[in-house]
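Have a look at the structure below, then the notes.
One-based numbering, in listed order, for ligands and for the atoms of each. The basis for the numbers below is simple: all heavy atoms, side chains too, and nothing from hydrogens, waters or symmetry mates.
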Amino acid sequence: MGAQDFWVVIIVVGFCFQAQVSSSQNLTCNPNDLKALEDFMKGIETVIEGWGNNLSSNCCEWAGITCNSSSSLGLNDSSIDTYRVVKLELPKKRLAGNLSESLGMLDQLRTLNLSHNFLKHSLPIPLFHLPNLELLDLSSNDFSGPIPADIDLPSIQFLEISQNFLNGSLPPSICNNSTQLRALKLAVNYFTGDLPPGLGNCSSLEDLCLGMNTFTGGVPEGIFRLPKLTRLNIQDNKLSGQLSKEIGTIPDVFDSLGRLQYFVAHSNNFSGRIPLSLASSPTLSLFNARNNSLEGSIDLNCSAMTSLTSIDLGSNRFDGPIPSNLPSCRHLNNINIARNNFSGQIPESFKNFHSLSYLSLSNSSISNISSALKILQHCQNLTTLVLSLNFWDEELPADPTLHFERLKVLIIANCRLTGSIPQWLSSSSRLQLLDLSWNRLEGTIPVWFGNFSNLFYLDLSNNSFTGEIPRNITGLRGLV
Ligand SMILES: *[C@@H]1O[C@H](CO)[C@@H](O)[C@H](O)[C@H]1NC(C)=O
Ligand SMILES: *[C@@H]1O[C@H](CO)[C@@H](O)[C@H](O)[C@H]1NC(C)=O
Ligand SMILES: *[C@@H]1O[C@H](CO)[C@@H](O)[C@H](O)[C@H]1NC(C)=O
Ligand SMILES: *[C@@H]1O[C@H](CO)[C@@H](O)[C@H](O)[C@H]1NC(C)=O
Ligand SMILES: *[C@@H]1O[C@H](CO)[C@@H](O)[C@H](O)[C@H]1NC(C)=O
Ligand SMILES: *[C@@H]1O[C@H](CO)[C@@H](O)[C@H](O)[C@H]1NC(C)=O
Ligand SMILES: *[C@@H]1O[C@H](CO)[C@@H](O)[C@H](O)[C@H]1NC(C)=O
Ligand SMILES: *[C@@H]1O[C@H](CO)[C@@H](O)[C@H](O)[C@H]1NC(C)=O
Ligand SMILES: *[C@@H]1O[C@H](CO)[C@@H](O)[C@H](O)[C@H]1NC(C)=O
Ligand SMILES: *[C@@H]1O[C@H](CO)[C@@H](O)[C@H](O)[C@H]1NC(C)=O
Ligand SMILES: *[C@@H]1O[C@H](CO)[C@@H](O)[C@H](O)[C@H]1NC(C)=O
Ligand SMILES: *[C@@H]1O[C@H](CO)[C@@H](O)[C@H](O)[C@H]1NC(C)=O
């Protein structure tokens, strides 16, 4: 064995020995990561539980920290294996203070979850340049100021900063370098400006939640073309224009909304008709565009909309008759189309509306309460019925064959109805809420009201009832 061979043996043995030592003793965290976390701690005004005075220098043992060995991460930047911080998770820890820029030094970080704390002031820019970050959740804090304009998070999948005090506009190139982004949640902040067309480049996006801000302008068409989008919430903004332009051929539009399940756009200034793409979506389950200025007829293609369970299109400018084809949307159970300009009567077809459980049609200029109740009594699953501000001056029918066994909530207020409390109502023994206020009902309040053992709210005010209030109503235990 020559001298050269001898040294090779020494080096190889030495290397193996060292490797063995490294894996048998607990590795401590990388000094740069330790420094970053110490600086993070300095910005926090409160005690971080589990990061007490007895802090070991091994930050991997601190509460909320997860480390992986640099070798397991495929790093070999130094000869000594160290542990790298890959997760920092301290949600709901009552942390107050500033978020240190130093967290931007944690270049191996995959998960940062500091949601539900009291962190304030600006979002540190370096956080938005972490190459390995997959999940960033800073929601429910007190952060203010803008979102950094240049976001470079190539690994990000979940970006959640809802419920803060952030303002300014959304960065136009929010998805330039974030092609993996699956959930973007920025609701309940003070963002302004138009929604950037660049959102249409977030091609992995499944969940987009921008509700309760002050966004203006239209919805970029690209959003409706995101191939994986299943949930879109843009409620409570100042968005306007058409909900979606009909562009391209119809099959194109179907494709683009191929996965949308939840579409919540209420309380904006949208106008125009319901886009065909939404009105014939086979995946859409919840459609809520209440409180806008939509118009025309509600024309849903029920044979295509096989997933639809809930529509809320109240407080718009829809007109024409109440859509008689709704019962053929087979899973539709919640309908609010109150406060529109409908006219006419409840369609005869509603007799077959067996899935219907909630119906609100108040303030819709509909007439013929006798016919309405005769039809709706056939809806086997109907539990909530709201018909206020219709049937002007009609008589509440006394027809003894009416029956509504399953009703839990009945509201027919503000109709100036004449007549008296009908006997048929006694069959609704599951009633929890009954509101017949602001009518012109006469006669007495029946003693059988005492049988409504689930009743917790009863409003009979502003009528012309006579006689005594039955004593045993006071025996109803739930009544508040
Ligand atoms: C390594 O960590 C384990 C569990 O965390 C502990 O039981 C053990 O004593 C540690 N070993 C050394 C050498 O610190
Ligand atoms: C350090 O303090 C924490 C509580 O803050 C305690 O649970 C832990 O056992 C302490 N560790 C040592 C080594 O004293
Ligand atoms: C960390 O190590 C564990 C166990 O070796 C492994 O399952 C996990 O994928 C690693 N995480 C990362 C981010 O490399
Ligand atoms: C480790 O570093 C050496 C020298 O810098 C390089 O040749 C080797 O490919 C690296 N190995 C890995 C797995 O990155
Ligand atoms: C937190 O940030 C604000 C504004 O940037 C600054 O005025 C304040 O001194 C900082 N507080 C601490 C404890 O660093
Ligand atoms: C962050 O932590 C909270 C509390 O444990 C959890 O509810 C939330 O889902 C986490 N965020 C993400 C994006 O997983
Ligand atoms: C996106 O990545 C490219 C290449 O890595 C980089 O030049 C560019 O600045 C990044 N964009 C943003 C918005 O940071
Ligand atoms: C954001 O809010 C701060 C005060 O918190 C204000 O000074 C700033 O002008 C606001 N920026 C925008 C774009 O509204
Ligand atoms: C984002 O991409 C668009 C289109 O490729 C480009 O015009 C823009 O400059 C990019 N923005 C940034 C900040 O890189
Ligand atoms: C989306 O990305 C493509 C390719 O990078 C680019 O050509 C296009 O301009 C981008 N669109 C927007 C609105 O940023
Ligand atoms: C009626 O309601 C029950 C219980 O919620 C449900 O299982 C059933 O499918 C409903 N019927 C129809 C026709 O939707
Ligand atoms: C109230 O009186 C009616 C009729 O007499 C009776 O059926 C009912 O059980 C009484 N209810 C209560 C709570 O006493």
Side-chain angles (χ1 to χ4, degrees), residues 35-48 51 93-105 114 117-128 138 141-151 161-172 174 186 188-196 210 212-217 237-238 285-286 300 302-303 305-311 325-335 349-359 375-385 403-409 428 430 432:
K35 173 80 169 57
L37 291 174
E38 282 171 347
D39 287 348
F40 161 72
M41 191 164 41
K42 280 181 202 149
I44 305 292
E45 294 156 6
T46 45
V47 175
I48 307 179
W51 292 28
K93 299 289 186 219
R94 302 178 167 277
L95 305 182
N98 294 356
L99 191 51
S100 167
E101 299 214 335
S102 69
L103 289 184
M105 304 296 289
L114 298 171
N117 282 298
F118 302 95
L119 301 170
K120 56 179 189 257
H121 297 301
S122 56
L123 296 172
I125 291 171
L127 271 190
F128 292 82
L138 300 175
N141 277 285
D142 300 329
F143 289 112
S144 54
I147 288 197
D150 58 332
I151 296 179
I161 327 183
S162 296
Q163 296 207 48
N164 280 283
F165 299 93
L166 299 171
N167 67 1
S169 54
L170 289 195
I174 191 159
L186 303 173
V188 200
N189 279 291
Y190 294 95
F191 291 118
T192 50
D194 290 359
L195 299 180
L210 304 172
M212 299 183 86
N213 282 289
T214 324
F215 289 116
T216 48
N237 278 289
K238 296 199 161 148
S285 161
L286 176 96
L300 305 181
C302 282
S303 55
M305 299 193 84
T306 48
S307 305
L308 191 66
T309 61
S310 179
I311 54 170
N325 72 330
L326 292 179
S328 50
C329 287
R330 282 196 306 122
H331 298 111
L332 188 56
N333 55 43
N334 271 275
I335 298 180
S349 60
F350 274 47
K351 269 187 180 164
N352 300 318
F353 213 158
H354 299 309
S355 57
L356 188 64
S357 87
Y358 176 103
L359 178 64
I375 291 166
L376 292 172
Q377 67 176 335
H378 295 286
C379 302
Q380 299 158 358
N381 267 3
L382 190 63
T383 57
T384 300
L385 182 57
H403 58 97
F404 283 92
E405 280 90 2
R406 286 168 192 266
L407 268 192
K408 293 180 177 165
V409 174
S428 304
R430 300 179 189 180
Q432 298 174 3

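In terms of protein heavy atoms, atom 12 (C) of ligand 8 is closest to Asn167 ND2, 3.4 Å. Of all protein heavy atoms, the one closest to atom 10 (C) of ligand 11 is Asn381 ND2, 2.4 Å. Atom 13 (C) of ligand 8 has as its closest protein heavy atom Gly168 CA, 3.8 Å.
In terms of heavy atoms, Leu356 sits closest to Cys379 at CD2-SG, 4.3 Å.
The presence of a protein heavy atom under 4.0 Å from atom 2 (O) of ligand 5 is confirmed. Distances from atom 7 (O) of ligand 5 to the protein include no heavy-atom value under 4.0 Å.
For the pair Ser144 and ligand 8, no heavy-atom separation below 4.0 Å is found.
Aromatic ring pairs are classed by plane angle as parallel below 30°, tilted from 30° to 60° and perpendicular above 60°; the pair Phe40 and Trp51 is perpendicular.
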Could you please spell out the steps behind the side-chain contact (heavy atoms from CB on, under 4.5 Å) verdict for Phe215 and Leu170?
CA-CA 9 Å; Phe215 289 116; Leu170 289 195; 3.7 Å; yes
Run Asn98 and Lys120 through side-chain contact (heavy atoms from CB on, under 4.5 Å) and show every step you take.
CA-CA 5 Å; Asn98 294 356; Lys120 56 179 189 257; 4.2 Å; yes
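Looking at heavy atoms from C-beta onward, Leu119 lies in side-chain contact with Leu95 at the 4.5 angstrom threshold.
The N/O atoms of Asn98, backbone and side chain alike, include one that comes under 3.5 Å of an N/O atom in ligand 5.
In this structure a side-chain-to-backbone donor-acceptor pair under 3.5 Å is missing from Arg330 to Thr306.
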